[in-house]
Novice: 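The structure that follows is given in the form of structure tokens.
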Amino acid sequence: MRVTFTVNGRRETADDVWEGESLLYVLRERVGLPGSKNACEQGECGSCTVYLDGTPVCACLVAAGQVEGREVRTVEGLADGDRLDPVQEAFVECGAVQCGFCTPGLVVQAHDLIERVAEPSDAEIREALAGNLCRCTGYEKILDAVRLAAARKAAS
Amino acid sequence: MTRTGSGSATPVRAPRDIAAPGTGGVGDSPLRPDGTLKVKGEFAYSSDLWIDGMLWGATLRSPHPRAKIVSIDVSAALAHPGVSAVLTHEDVPGRKHFGLDHTWDQPVLAAGEVRHQGEPIALVAADHPETARRAMEKIRIEYEVLEPLTDARRAAFDPAYPQVQPRGNLARHQPVRVGDVEAAKARAEVVVSGEYRVGIQDQAFLGPESGLAVPAEDGGVDLYVATQWMHNDLKQIAPCLGLPEEKIRMTLSGVGGAFGGREDLSMQIHAAMLALHTGRPVKIVYNRYESFFGHVHRHPAEMRYEYGATKDGRILYADVEILLDGGAYTSATMNVVGNAASLGVGPYVIPNIKIDAYGVYTNNPPCGAMRGFGAVQACFAYESMMDKLAEACGLDPVTVRQVNAASQGSELATGQVIWAPLPMAEMLRQARELPMPPPLDASDIRNLPGGASQTTHGEGVRRGVGYGVGLKNICFSEGYDDYSTARVRLEVIGGEAVALVHTAAAEVGQGLVTLEAQIARTELGVERVVIHPADNQVGDAGSSSASRQSYMTGGAVMTACQAVREGVFALAAARLDRPLDTLGDLSLVGGKVVSESAGVLAAIEDVLGDAVIEETREYHHEPTTGMDPVTGRGDSHTQLALCVHRAVVDVDVELGLVKVVELAAVQDVGKILNRLSLEGQIHGGTAQGLGLAVMEEIVVSDGKVRNPSFTDYLIPTILDMPPMRLEILENADPRAPYGLRGAGEPPTLSSTPAIVAAIRDATGLALTRVPVRPEHITGSS
């Protein structure tokens, strides 16, 4: 089948898509956007989190056909050219990135949180990121990064 | 078809040079060179590689833990549209077996028999992963299913138990004998004993096994893989492919975590076989289910401990048996047994010791390296014993540890003298005196064990505090010639001196690339450093395991930089037209050649001009010896590192739920090279210890894994990890580069027993097994 959708503001068409393919597979293997990660492919780890019409979803749980005509924003679409989004910047600065495989999903999820909640409490951060597994950091630096990004966003 | 040039085509998103940002040297915390790429989603992991015309490989695995293979019929699979190849053991071009540690007992593809569930049997290459999967279903295998051999105790001690594999059932028995345990038993005033069990833990790195093999015109293959040790991979891959090593070019692609799970080969030989057979690039990416079968796990352990002591808590003897189940193949079992034996009683001075550590073969899931390997299992047991002893002697848990604590100058169980500072008693004091977290605020349900799912008002919640101490050997032990290699090149690019650092060391997330740049800046006095992708075009760096890369590759980069620096000094003397020995003590600082007596002599750029200075150095640590096969005696470790944890938990004793409230760690790292990375290692190591304490276990029955998914194998989330408090000490190890100690593993040892001790403190239960499950707390199991 053919799937046409908008990703990071650009219209993309994928041809010969097998009906069983996920949005994640189409992004990674068909439109050249492997930033969203394939850590569990069953919605448990959050590494493939993307915005679908403005709502964060696990791209692995969305069938390719479901995105027809819709708008997707991935981790690759957060920075403004070389200028990182404040969440991305804070993740690098605070040491929230180690192997980095969970990072794209966490960055999108944290981006959504501070869009919705101006200065989230630690409990709110933990709740918002509870669906994103990280095996390297023990999450302390991730909390630091989200706090910093939220503070910077609030100050700007 | 893509076959161009002798080195073949380069895939999209192949690893490339990365400029290290910032100016930080050793002791600073500059940003990660790969950090920006990672937050933008542009860092190329091994699963992200893509090349025109590539095929997808898939692996057919045994559903049975033990079976004879009567026949394999691949004809229907081969006829499936879109399939390019179906391969079995008959198609392995060279040696049919591989393995770590010269054991070479693991078949590339099973022939005649399978010895564990998930053992690879056949490979498929097809135009789409789904095509490959469907074709695999058409491979017809006739099995004669046998009863799996899953009893580790019988495997170790019952000569009548059938053999799992031709090597027999005992991989290694390592005894340790000190003094006279039997005589000491007569003198003991207090005797405590316990039987402890550790379940199978999975590394659960987030980036599944994956990689790309590209056939080359010279008949060789280019491999882009995620591994912990490229050169050791190569030693196994080349003979199995029947190729000389120089025809296999390996490049490290982005690694999504490792923790020991990438020491053994996974898809490397398989992808290469398919690529060589089809003449096309082949990519293999495991999904999470397959990943649980695609790598070895942490050995489960069964441990029997008996300690005798005086009334005031001084341990007189330790009588210890440690049984480790390695599954069907050897993997890292030899080293795991060595660590468990040599560190079987941990950092305690005990005059009479009898330890017997065994590693056995069974048809249970294969086990090998995982963070803290061998030492983690023993640590849970010996720390549990310390708490038991404290109770028996009426001492508090910190005091009993301080009374028996090792320190600089004391002997390990192996007789090896601890030559470097080991301020354990002081570290315990610090851990105890750290401020306590506030008491439970039950008005917010999220604070209760179980969080938002809690159904009570916290009536059954009890708080507990516990301590754990872990001692880990750093770098390779037992006489292994452990070294790393670094090539450093200094030249002027765009008017500025630039250092290029090239090693084969695997950046697996730990931050080695940051550290390499810091060392180059400190040693060469330059700001700009570029990290070359790790590949096998430079010498062996050893494995990114055993907390060894800061020490070993750090040491190699340091010595290579020092050699380059000598070259700069010689060139400076030539440019100044003065004999080198008249220039006084020279250093490279702030981009200048500086003489201690005469001040700034010249800018490095002016000294270099068009010259390129490149040096390659190997760095070896102090040699170690083996362990005596009868007594265990020997100077088997080159460095030891200690971490102390204090855990505070709230336990709902009615629901069996645990919330870890806070974890505090006191760790001696010798020298802080990069505080940000270091803290990340301690946090992350602690989290994996928490996982082992209360949630992580590969559940096995009849040799089969019952929970191979992140739905059923739980790793800590951000809701499970509590805030952490760190105290980091810097008592230098004079033998090590900059005085550093490896830091990644020790916190994984000590956090598990600290948490379990805290749960015991809250509940009064014995809790002899990890992970602790709700039914162990409620008594409903």
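Per chain, numbering begins at 1; letters A, B, ... match sequence-line order.
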Novice: Name all pairs fulfilling the side-chain hydrogen bond (donor to acceptor under 3.5 Å, both in side chains) condition that reach into residues 715-726 of chain B, sequence neighbours left out, sorted by first residue then second.
Specialist: B:E662-B:R725, B:T717-B:D720
Novice: Tell me, side chain or backbone of B:V12 under 4.5 Å from chain A's heavy atoms, or both, or neither?
Specialist: neither
Novice: Tell me, for A:T137 versus chain B, whether the close heavy atoms (under 4.5 Å) come from the side chain, the backbone, both or neither.
Specialist: backbone
Novice: Pick from B:P723, B:A44, B:S677: which one has the most heavy-atom pairs with chain A under 4.5 Å?
Specialist: B:P723
Novice: For chain B, which residues from residues 117-132 of chain A lie under 4.5 Å away (heavy-atom distances)?
Specialist: A:A123, A:E124, A:R126, A:E127, A:L129, A:A130
Novice: Between chain B and each of A:G35, A:C134, A:C40, count heavy-atom pairs under 4.5 Å; write down the option with the most.
Specialist: A:C40
Novice: Less than 4.5 Å apart, side chain to side chain, heavy atoms only: is that true for A:E140 and B:M721?
Specialist: no
Novice: Closest heavy-atom contact between A:G32 and B:R13?
Specialist: O-NH1, 4.1 Å
Novice: Considering only heavy atoms, which portion of A:C102 lies under 4.5 Å from any heavy atom of chain B: side chain, backbone, both, or neither?
Specialist: both
Novice: Can you tell me which portion of B:S210 sits under 4.5 Å from chain A's heavy atoms? Options are side chain, backbone, both or neither.
Specialist: neither
Novice: Test A:Q98 against B:H683 for side chain to side chain donor-acceptor pair (under 3.5 Å), laying out the working first.
Specialist: CA-CA 12 Å; A:Q98 287 190 32; B:H683 291 149; over 6 Å; no
Novice: Tell me, side chain or backbone of B:F259 under 4.5 Å from chain A's heavy atoms, or both, or neither?
Specialist: side chain
Novice: Using only non-hydrogen atoms and a strict under-4.5 angstrom cutoff, which residues of residues 52-59 of chain A touch chain B?
Specialist: none
Novice: Let me confirm one number: the CD-CE distance from A:E29 to B:M54, rounded to the nearest 0.5 Å.
Specialist: 5.0 Å
Novice: Chain A: which of B:I682, B:L690, B:T36 shares the most heavy-atom pairs with it under 4.5 Å?
Specialist: B:T36
Novice: Give the minimum heavy-atom separation between B:R32 and A:V97, together with the two atoms involved.
Specialist: CD-O, 3.2 Å
Novice: Mind listing the closest non-hydrogen atom pair of B:P716 and A:Y139 along with its distance?
Specialist: O-OH, 2.7 Å
Novice: May I ask you to list the residues in residues 8-18 of chain A that approach chain B closer than 4.5 angstrom, counting heavy atoms only, ordered by number?
Specialist: A:W18
Novice: What are the two closest non-hydrogen atoms of B:S47 and A:R28, and how far apart are they?
Specialist: O-NH2, 2.8 Å
Novice: Step by step, would you call B:D48 with A:K37 a side-chain contact (heavy atoms from CB on, under 4.5 Å)?
Specialist: CA-CA 9 Å; B:D48 299 339; A:K37 289 289 170 268; 3.0 Å; yes
Novice: Is the ring pair A:Y25/B:W56 parallel, tilted or perpendicular, if the boundaries are 30 and 60 degrees?
Specialist: tilted
Novice: What part of B:P30 lies closer than 4.5 angstrom to a heavy atom of chain A: side chain, backbone, both or neither?
Specialist: neither
Novice: Let me know if B:Y45 has heavy atoms under 4.5 Å from chain A in its side chain, its backbone, both or neither.
Specialist: side chain
Novice: Look up atom OG in A:S47 and atom CZ in B:R288, then write down how far apart they are to the nearest 0.5 Å.
Specialist: 8.5 Å
Novice: B:Q681 versus chain A, heavy atoms under 4.5 Å apart: side chain, backbone, both or neither?
Specialist: both
Novice: If every non-hydrogen atom of B:L206 is compared with every non-hydrogen atom of A:L133, which pair is closest and at what distance?
Specialist: CD1-O, 3.0 Å
Novice: State, with a plain yes or no, whether a side-chain heavy atom of B:F43 is found less than 4.5 Å away from one of A:C99.
Specialist: no
Novice: Let's test your reading of the structure: which of B:G691, B:G35, B:A687, B:A204 forms the most heavy-atom pairs below 4.5 Å with chain A?
Specialist: B:A204
Novice: Heavy-atom cut-off 4.5 Å, strictly under: side chain, backbone, both or neither for A:D82 against chain B?
Specialist: both
Novice: Quick one: are B:L676 and A:E93 in side-chain contact, heavy atoms under 4.5 Å?
Specialist: no
Novice: Counting heavy-atom pairs under 4.5 Å with chain A, which one of B:S29, B:G41, B:A258 comes out on top?
Specialist: B:G41
Novice: Could you tell me if the side chain of A:R135 sits less than 4.5 Å from the side chain of B:I715, heavy atoms only?
Specialist: yes
Novice: Over all heavy atoms of both residues, which pair between B:F710 and A:A39 is shortest? Give the atoms and the distance, please.
Specialist: CE1-O, 4.4 Å
Novice: Please flag which part of A:E76 lies under 4.5 Å from any non-hydrogen atom of chain B: side chain, backbone, both or neither.
Specialist: both
Novice: Just give me the residue among A:C94, A:G20, A:S36 that pairs up with chain B most often, heavy atom to heavy atom, under 4.5 Å.
Specialist: A:C94
Novice: Out of A:Q42, A:E41, A:E21, A:E44, which one racks up the most heavy-atom pairs below 4.5 Å with chain B?
Specialist: A:E44
